[in-house]
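Taking it in order: structure first as structure tokens, then the write-up.
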Amino acid sequence: MATSLLPNSGTGTDGSAVLRVLSYNVRSLRDDTGALARVIRACEPDLVLVQEAPRFFRWRKKLARLAAASGQVVLSGGGTAAGPALLCSLRATVERTEDVLLPLTPGQHRRGFATAVVRFGGVRLGVLSCHLSLHGDERYEQGGMLLDRLAGMGVEHVVAGGDLNEGPGGPTFRRLADALQDCRAAVPWGGEHTFPAAGAGRRIDAVFATRGVEVLGCGVPLGQPGVTGTDLRAATDHLPVLAALRVPPV
């Protein structure tokens with residue numbers, strides 16, 4: 001359980017910005033969308049890294065409704081990224097967005113990345129949401145593609161997160177954690193395990209950041225004001241990961 005509250009979003013006198021980043025697999029909005037919106041709103045995120053956003057019939061309208069109910073706006077992704085999406089608060093200034101489809105393995109689900117570069121005052125940040133393959137070899141290749149994509153974004157500071165379908169002991173998780181900060185491991189806060197939502201026993205969802213970003217705390221927002229166990233279990237089959245990060249100015 002969380003023993004203290006994460007810092008609120010804000011801008012420092014040195015031009016740095018404290019941001020709240022939430023990563024959440026929403027299972028195509030097949031569960032209690034009211035509970036889901038309440039959890040997101042209570043976490044007060046600046047950025048929401050969504051996995052399994054609606055991809056098919058009227059997916060844009062469904063994603064927009066979730067964003068509005070959560071106090072966010074749609075930044076990128078959804079059907080055009082094969083599921084990953086990005087939401088943001090009105091605090092963000094959007095510089096550019098790009099949805100990336102990954103190579104399709106016959107017989108497997110299409111995967112993709114939702115990416116953006118955003119500004120918060122004097123801070124410039126690359127953002128990526130992902131949902132990696134259920135199959136180990138493909139997942140490992142996608143982890144390399146993720147790192148390549150981050151390196152090609154042309155920004156010094158980047159945050160990436162999502163459903164890795166693998167725990168910290170797995171080769172793809174380790175590959176990402178070797179190149180980036182695993183925010184939960186850096187400064188643990190709140191709960192650890194993210195799946196399944198009812199009786200979670202595995203940490204397969206994570207937020208990562210480049211080395212220059214200061215991690216202030218990261219974990220499942222148990223004890224966050226307004227986040228209830230009932231809503232967490234009803235919202236979707238994953239628990240969210242909330243990170244507070246201090247990003248240096250450009």
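Being a predicted model, the structure only gives us computed values, none of them experimental.
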Heavy-atom closest pair, residues [X] and [Y]:
X: Leu232; Y: Pro240; result: CD2-CD, 3.6 Å
X: Ala64; Y: Val74; result: CA-CG2, 3.9 Å
X: Ser133; Y: Glu138; result: OG-OE1, 2.7 Å
X: Gly161; Y: Leu49; result: N-CD2, 3.3 Å
X: Leu86; Y: Leu128; result: CD2-C, 4.5 Å
X: Leu63; Y: Ala85; result: CD2-CB, 4.0 Å

Can any side-chain N or O of [X] pair as donor or acceptor with the backbone N or O of [Y] at less than 3.5 Å?
X: Arg91; Y: Ser9; value: no
X: Asp99; Y: Thr80; value: no
X: Trp189; Y: Ser4; value: yes
X: Gln72; Y: Ser89; value: yes
X: Arg119; Y: Glu95; value: no

Does any part of the side chain of [Y], heavy atoms only, come nearer than 4.5 Å to the side chain of [X], both counted from C-beta?
X: Val118; Y: Thr93; result: no
X: Met153; Y: Thr115; result: yes
X: Ser16; Y: Val247; result: no
X: Leu47; Y: Leu22; result: no
X: Asn165; Y: His135; result: no
X: Thr97; Y: Leu75; result: yes
X: Val215; Y: Gln181; result: yes

Step by step, work out the side-chain contact (heavy atoms from CB on, under 4.5 Å) result for Asp137 and Arg139. CA-CA 5 Å; Asp137 291 344; Arg139 184 165 60 241; over 6 Å; no
Any chance the rings of Phe173 and Tyr140 have centres within less than 6.0 Å? no
Members besides Leu134 in its Ile/Leu/Val/Met/Phe/Trp/Tyr cluster (side-chain heavy atoms under 4.5 Å): none
Does the side-chain contact (heavy atoms from CB on, under 4.5 Å) test come out yes or no for Leu147 and Arg175, once each step is laid out? CA-CA 9 Å; Leu147 294 175; Arg175 184 177 194 177; 4.2 Å; yes
Within this structure, what is the [atom1]-[atom2] distance for the pair [X] and [Y], rounded to the nearest 0.5 Å?
X: Arg111; Y: Leu102; atom1: CZ; atom2: CG; answer: 9.5 Å
X: Asn25; Y: Leu239; atom1: CG; atom2: CG; answer: 10.5 Å
X: Thr194; Y: Leu164; atom1: OG1; atom2: CG; answer: 9.0 Å
X: His131; Y: Glu52; atom1: NE2; atom2: CD; answer: 5.0 Å
X: Asp205; Y: Glu166; atom1: CG; atom2: CD; answer: 12.5 Å

Quick one: do Leu176 and Leu146 satisfy side-chain contact (heavy atoms from CB on, under 4.5 Å)? Show the steps, please. CA-CA 9 Å; Leu176 298 179; Leu146 187 157; 4.1 Å; yes
Among all residues two or more places apart in sequence or in another chain, which pass the side chain to side chain contact (heavy atoms under 4.5 Å, CB included) test with Arg30? Arg27, Ser28
Ser23 and Gln51: CA distance, side-chain angles, deciding distance, side chain to side chain donor-acceptor pair (under 3.5 Å) verdict: CA-CA 8 Å; Ser23 181; Gln51 301 86 50; 3.3 Å; yes
Listed pairs under 3.5 Å, donor-acceptor, residues 53-62 side chains, sequence neighbours left out:
| residue | atom | partner | partner atom | Å |
| --- | --- | --- | --- | --- |
| Lys62 | NZ | Phe57 | O | 3.3 |

Is there a salt bridge (charged side-chain N to carboxylate O under 4.0 Å, His left out) between Asp231 and Arg38? Walk through the geometry before answering. CA-CA 8 Å; Asp231 277 349; Arg38 287 192 295 272; 2.9 Å; yes
Are Glu98 and Arg149 ion-paired here, with the side-chain N under 4.0 Å from a carboxylate O? yes
Under 6.0 Å from the ring centre and within 45 degrees of the ring axis: does the NZ or CZ of Arg203 meet both conditions for the six-membered ring of Phe195? no
Check the pair Val50 / Val26 against side-chain contact (heavy atoms from CB on, under 4.5 Å), numbers first and verdict last. CA-CA 7 Å; Val50 176; Val26 303; 3.8 Å; yes
Count the heavy atoms of every other residue, nucleotide or ligand shown that sit under 6.0 Å from CD of Glu156, and state whether that count exceeds 12. no
